[in-house]
Number of protein chains: 2
Amino acid sequence: MVEGQSQNTSSGQALLYLTDEQLRQGIEAMFFAYRGFTADPDRILEGMSYGRAHHRAIHFIHCAPGTTVNNLLAILGVTKQSLNRVLRTLIEDGLVTSHVGRSDKRERHLTLTEAGEALEQQLSDAQRARMRDAYRKAGPDAVAGFKTVLEAMMDDDMKRAYLALREGR
Amino acid sequence: MVEGQSQNTSSGQALLYLTDEQLRQGIEAMFFAYRGFTADPDRILEGMSYGRAHHRAIHFIHCAPGTTVNNLLAILGVTKQSLNRVLRTLIEDGLVTSHVGRSDKRERHLTLTEAGEALEQQLSDAQRARMRDAYRKAGPDAVAGFKTVLEAMMDDDMKRAYLALREGR
DNA sequence: AAAATACGTCAGTCTTGTTGACATTCCAAG
DNA sequence: CTTGGAATGTCAACAAGACTGACGTATTTT
């Protein structure tokens, strides 16, 4: 609560970007930007009985083909029951295949089918198009700063998951 | 779909930050960061029968005291039925007051009570603490870039709402 | 007087999160 | 080798929070 006065306790200069007002602006920017961020895939998905949860599953299965349910669970941060409902419909609809693990038969390895990859492409294209526009408008330096701040905002285990994904590619 | 090859069609240099892989990283960073962004308030709210929806309402009523229901609706981007459920509980619990408009008696002007302000402080402190840490780690230049990209990601009407809030302060 | 606006509410649906109970599989200790 | 515990995944039921549609009321505008 005392820290709320960071604009006063600072050594007078160069820390103005840590003002409560500046932080509040950042919070609101995050809120509005996230809406834009999800808007395009949401629009595509609506009416095809899928939602944002399906999109997330598809995205990460695409990035890590053959991943297990448990793996996906850790990345998505939901309960396995919640994920299972989503996976079940995706499997029923032929967008995802589930193979029993070779070494450990408890595991199910998940992969996108051709139809699944096609939908992934469609969603991904829409989302990347928005990102690309934003990046282009903002320029490379802004983008670097953008990523730096986002990484600093993550919880430690999320950051680990985030970095692990990059190494896998 | 053809645009997916931006790394090849580019003039060879300086546009590497527009690569599909870079965009994908940005998308994932956004996903993981948003989870961190909401984690602290969510933790505070859980167990007190409120959720993220209540937080959002409280946040924007705090920022624009005396705002109307319609106004809030436009900012939050939800239906009035959805917002009403949230507002009803907040009013019942004495965190928000609703006053009939002076000039236009159809309007209800919303304000936080002392208890409401107290909760807002608590939530806001937690969320700002995370932002402050992230900002400090990243530095002022990164923060500037962060905001630039977020603004570029917003839909036009969200951007208008976002900027309007800043002018009101 | 009629139409439009602002707000509240009731009823019903959908997505997506939750917990609890249960089956299968693996592994390690007795 | 067997048995018990841990890990993986599935099914069922429920809750929060979004949505639509329909309706009522007060007020303002035309």
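All values derive from a computational prediction rather than experimental measurement. Below, read A as the first sequence line, B as the second, and so on, with proteins coming before strands; counting in each chain starts at 1.
- A salt bridge does not link A:E28 to B:K159: none of the charged nitrogens lies less than 4.0 Å from a carboxylate oxygen.
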Interface polar pairs with nucleotides 11-16 of chain D, N/O, under 3.5 angstrom:
| from | atom 1 | to | atom 2 | distance (Å) |
| --- | --- | --- | --- | --- |
| D:dC11 | OP2 | A:R88 | NH1 | 2.8 |

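- One distance of note links CG of B:L112 with NE2 of B:H59; it measures 11.0 Å at 0.5 Å rounding.
- Sequence neighbours left out, the pairs with a member in residues 101-116 of chain A that pass side-chain hydrogen bond (donor to acceptor under 3.5 Å, both in side chains) are A:D104-A:R106.
- A heavy atom closer than 4.0 Å to some atom of DNA chain C occurs in no member of residues 31-44 of chain A.
- Evaluation of the side chain to side chain donor-acceptor pair (under 3.5 Å) rule for B:S124 yields A:R24, B:R128 as partners, not counting sequence neighbours.
- The phosphate of D:dC19 (OP1 or OP2) has a side-chain N or O of B:T79 nearer than 4.0 angstrom.
- Taking A:R85 as the reference, nothing meets the salt bridge (Lys or Arg N to Asp or Glu O under 4.0 Å) condition, with sequence neighbours excluded.
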Going by atom type alone, with no hydrogens or angles, which donor-acceptor pairs under 3.5 Å involve a side-chain atom of residues 49-58 of chain A and a protein atom two or more places apart or on another chain?
| from | atom 1 | to | atom 2 | distance (Å) |
| --- | --- | --- | --- | --- |
| A:Y50 | OH | A:D93 | OD2 | 2.3 |
| A:R52 | NE | A:D42 | OD1 | 3.4 |
| A:R52 | NE | A:D42 | OD2 | 3.3 |
| A:R52 | NH2 | A:D42 | OD2 | 2.7 |
| A:H54 | ND1 | A:G51 | N | 2.9 |
| A:H54 | NE2 | A:T89 | OG1 | 3.3 |

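- The hydrophobic clustering, which links ILVMFWY residues whose side-chain heavy atoms are closer than 4.5 Å, places B:M48 and B:L123 together.
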Side-chain polar contacts of residues 29-38 of chain B - donor-acceptor pairs under 3.5 angstrom, sequence neighbours left out - could you list them?
| from | atom 1 | to | atom 2 | distance (Å) |
| --- | --- | --- | --- | --- |
| B:R35 | NH1 | A:I75 | O | 3.3 |
| B:R35 | NH1 | A:L76 | O | 3.0 |
| B:T38 | OG1 | B:Y34 | O | 3.2 |
| B:T38 | OG1 | B:R35 | O | 3.3 |

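- Using a 4.5 Å cut-off on side-chain heavy atoms (C-beta onward), A:I61 and A:L72 make contact.
- Salt bridge A:R43/A:D40: present, at least one basic N to carboxylate O contact under 4.0 Å.
- Within residues 68-78 of chain B, the residues approaching DNA chain D are B:G77, B:V78, by heavy-atom distance under 4.0 Å.
- Here A:E117 pairs with nothing under the salt bridge (Lys or Arg N to Asp or Glu O under 4.0 Å) rule; sequence neighbours left out.
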Taking only distance into account, with no hydrogens and no angle test, what donor-acceptor pairs under 3.5 Å do side-chain atoms of residues 134-148 of chain B form with protein atoms, sequence neighbours excluded?
| from | atom 1 | to | atom 2 | distance (Å) |
| --- | --- | --- | --- | --- |
| B:K147 | NZ | A:Q22 | OE1 | 2.8 |
| B:T148 | OG1 | B:A144 | O | 2.8 |

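- Annotation: side chain of A:L150 is in contact with side chain of A:M153 (closest heavy-atom distance under 4.5 Å).
- For DNA chain C, the outermost nucleotides in 5' to 3' order that have an atom under 4.0 Å from a heavy atom of chain A are C:dT15 to C:dC26.
- Within the 3.5 Å criterion, the main-chain N or O of B:L16 finds a donor-acceptor partner in the side chain of B:T19.
- Both A:A53 and A:K80 lie near DNA chain C, and the one whose nearest nucleotide falls closer to the 5' end is A:A53.
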What does the list of N/O pairs under 3.5 Å between the protein and nucleotides 28-30 of chain D look like, with a distance for each?
| from | atom 1 | to | atom 2 | distance (Å) |
| --- | --- | --- | --- | --- |
| D:dT28 | OP1 | B:S103 | O | 3.1 |
| D:dT28 | OP1 | B:K105 | N | 3.3 |

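- The line from CD of A:Q127 to CD of A:Q122 is 13.0 Å long, rounded to the nearest 0.5 Å.
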